[in-house]
Number of protein chains: 4
Amino acid sequence: MPNKTAPDSTRRSERSRRAILDAALELVAESGFAKLTIEAIAARAGVGKQTIYRWWPSKAAVLFEACVPDGGDPRAVELPDTGDIEADLKTVLRATVDELNDPRLAAPTRALAAESQSDQDLAAMLTERVLEPQLQAYVRRFEAAQEAGQIAEGIDLRIALELLVGPLFHRWMTRTLPVTHAYAETVADLALRGLRPR
Amino acid sequence: MPNKTAPDSTRRSERSRRAILDAALELVAESGFAKLTIEAIAARAGVGKQTIYRWWPSKAAVLFEACVPDGGDPRAVELPDTGDIEADLKTVLRATVDELNDPRLAAPTRALAAESQSDQDLAAMLTERVLEPQLQAYVRRFEAAQEAGQIAEGIDLRIALELLVGPLFHRWMTRTLPVTHAYAETVADLALRGLRPR
Amino acid sequence: MPNKTAPDSTRRSERSRRAILDAALELVAESGFAKLTIEAIAARAGVGKQTIYRWWPSKAAVLFEACVPDGGDPRAVELPDTGDIEADLKTVLRATVDELNDPRLAAPTRALAAESQSDQDLAAMLTERVLEPQLQAYVRRFEAAQEAGQIAEGIDLRIALELLVGPLFHRWMTRTLPVTHAYAETVADLALRGLRPR
Amino acid sequence: MPNKTAPDSTRRSERSRRAILDAALELVAESGFAKLTIEAIAARAGVGKQTIYRWWPSKAAVLFEACVPDGGDPRAVELPDTGDIEADLKTVLRATVDELNDPRLAAPTRALAAESQSDQDLAAMLTERVLEPQLQAYVRRFEAAQEAGQIAEGIDLRIALELLVGPLFHRWMTRTLPVTHAYAETVADLALRGLRPR
DNA sequence: CGTTAATCGAGACGGTACGTCGCGTCTTCCC
DNA sequence: GGGAAGACGCGACGTACCGTCTCGATTAACG
């Protein structure tokens, strides 16, 4: 067992917590994650460094909590279901494209994605709290479509979803070409051609 | 004109260059990119720090050169063409899967991918020297398949390739599930169902 | 008037007071005054930090109280008077030498002496409660000796005492040579040669 | 053997060394040794902290070097010898009194004296480089006086000197009474009464 | 003999300084 | 002029304590 006794979270200062998260978001927006420092966050938040080290293991963890409001039921993530799988997917993908292109979200998200390559704990949190809930929502929507006969029997829906999401992710990460609504729709068309019965 | 006179590369010590690249690879393998430092590279290589700073703009650039042997014609990258697009793609993807799972390659590659999110120059080099040559090879192979009637007319082949490569890349980066030969083949099957005529 | 209402000493916990003083002595013995911290005293004593800050102005004050049991009448300090000033002084000086060499007393005493160079309040307490009562006892004994004709008329007895005590103190502080009984006796002999009539 | 390779003192920056020593003296004069910090010295001197840590083991060592100009032959310290031991001693003691009362010298000297109670290395340097050379000079002067018949045979001159110096030191350290020329002269008179033949 | 207000243990907080690491620049001496 | 070596100014790290500040939970004098 670790000899470092955990701090008492009931006595935690919510005021400081918010100030730290806000400061982190501001500073990332201003100068990027690479130039983000714990000292700067503490200074901007009007907080002692120890208060950050007490509650977060790394600056990435701070940023994560600032971006992902820590909340609620992962089941809450749900895709629309109008009965038309193609229309629903395109709706969702367009929204996703907009988020990927939103400059306020893009910087921290890219930073977290990059950082999670070397930070195991961060990677686990991202997967568990953000990525998987969304991917599971795709799986559930595909299950409904499969029952409705819009997706061929016997297809691994986990892979089906990746056929859709993978290309978007690839373009966004590699920045080879812009991630547009048109691109998302073409991907959806091609993927669904592969997934439909017959 | 820049006030920093460029070093004279004719007098460069090849011996030092190699020692630096080797040291960088060793150190990344031992402790990961996050703990890689210029000072450690210089010490391990038995080289002055200045010799690194003189020839490379960043530690990422050193690692890049160590991984990508600076090689010749990008056209050299070529996919097999047996006439059977499905077989050829599966051959290539299996090889790709093996590379992605090779622990010696994985660490530096992941590091460069992550770093390129914040390092513009590195991103440009990676795209230009590694990524695009490979993607263009896919495009050329798809063009041949399209002419042979194995891919439907009117399909954007750039997107076609991303349908194939994107899912692999997604799994590898997010580490949600293992990247296996079976996975690659299923992806190829589904993607080709979407790309074939009819 | 001060805005800080003085604590009510009638409600003070004697149990905590003792635990703090004991902890301070233990910790000084273990690691020296320089490494002594309020936090460590509180932890060792099983006491809140505030309980220390409430009752003592500094860690030096804690240690002082631990060493000097806050005792009664300063007049209580009295030198022996057998009528033979030389014998009496040597008796006292031998005891003093033993105290100076006692390792349990030496560490805290040296610490307080050192600290009092920069801590005015501590210096005042040490002088008033420890040093002066002892020096006054010497003065009173010398007065008796002077009346008995063992000390020349007209000699400033305050200085006489310093002739005796100063050398001991000098050796002890500077650690140039060991402070022994023999040394004390030689000092007493030489000093008394200077002080006696004729 | 220590694993910390010693820095190469031939490449040391004399400019930085002087700036550090000057800054230390200034800061001690302004706020006292207790408030002196390595960071403040570095900042005032326009120097990196590491440059201080590289060359000195503690802030006390910095101050010591600033006060004791590191120099020359300890034999250089010599007391006057007019043939009259009493006159010579009083001359020297008056000068000593003036130094002890000089506010510029007093602060750092007191600090070093206090610090040497807990810092073994500093204590050794002070003894070896400052204290002993001076005490030895007294011993040599007393030897001459003894040969001249002004000091009784058989007296331990090391103790003789402490009879003189001890009282001054005691008053100065304890601040019980002011250290004046008159005091020094009375001490010299009484001590010499004890030391002279017969 | 119960009330109640101060003290208590505990420890989070905003800070300051610590001593270390690594950066990128610079200087020196060697080949 | 390149290279090995490493001192330098600098900035950030993560830790240790400071002295102050809340929190219940005793606890002891007083009503």
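Convention: sequence-line order gives letters A, B, ...; per-chain numbering from 1.
- Along DNA chain F, the nucleotide nearest D:Pro7 and the nucleotide nearest C:Arg11 are compared for position; the residue whose nucleotide lies closer to the 5' end is D:Pro7.
- Proximity of B:Ser16 to the phosphate of F:dG2: no side-chain N or O atom is located under 4.0 Å from OP1 or OP2.
- The separation between D:Asp8 atom CG and F:dA4 atom P is 18 Å, rounded to whole Å.
- At whole-Å resolution of the value, CD1 in A:Ile41 and P in F:dA12 are 12 Å apart.
- Close to F:dA7, at under 4.0 Å from its OP1 or OP2, lies no side-chain N or O of D:Thr51.
- Residue A:Thr10 is out of contact with every strand shown, counting any heavy-atom pair closer than 4.0 Å.
- Whole-Å rounding puts the D:Arg15 CZ to E:dT28 C1' distance at 18 Å.
- D:Tyr53 has its OH atom 14 Å from the C1' atom of F:dC13, to the nearest Å.
- The base of F:dG6 does not come close enough to the side chain of B:Lys49 for any donor and acceptor atom to sit less than 3.5 Å apart.
- Between C:Arg44 and C:Glu30 there is a salt bridge, since at least one side-chain N of the basic residue sits less than 4.0 Å from a carboxylate O of the acidic one.
- Across the protein-nucleic acid pair, B:Arg17 atom CZ and F:dG3 atom P stand 12 Å apart, rounded to whole Å.
- Among the heavy atoms of the strands lying under 4.0 Å from D:Arg54 is at least one base atom, whether or not backbone atoms are also near.
- Across the interface with DNA chain E, nearest-nucleotide mapping of B:Leu36 and C:Arg12 shows C:Arg12 to be the residue nearer the 5′ end.
- Summarising the geometry, the separation between CH2 on C:Trp56 and P on F:dC18 is reported as 15 Å, rounded to the nearest angstrom.
- Within the structure, every side-chain polar atom (N or O) of C:Trp55 is placed at least 4.0 Å from both OP1 and OP2 of E:dT7.
- Both C:Gly46 and A:Gly46 lie close to DNA chain E; mapped to their nearest nucleotides by heavy-atom distance, the more 5′-ward contact belongs to C:Gly46.
- Atom NZ in A:Lys59 sits roughly 7 Å away from atom P in F:dC13 (whole-Å rounding).
- Annotation: of the two residues near DNA chain F, D:Gln50 and A:Glu39, the 5′-most nearest-nucleotide partner is D:Gln50.
- The distance from atom CD1 of C:Ile20 to atom C1' of E:dT7 is 12 Å, rounded to the nearest whole Å.
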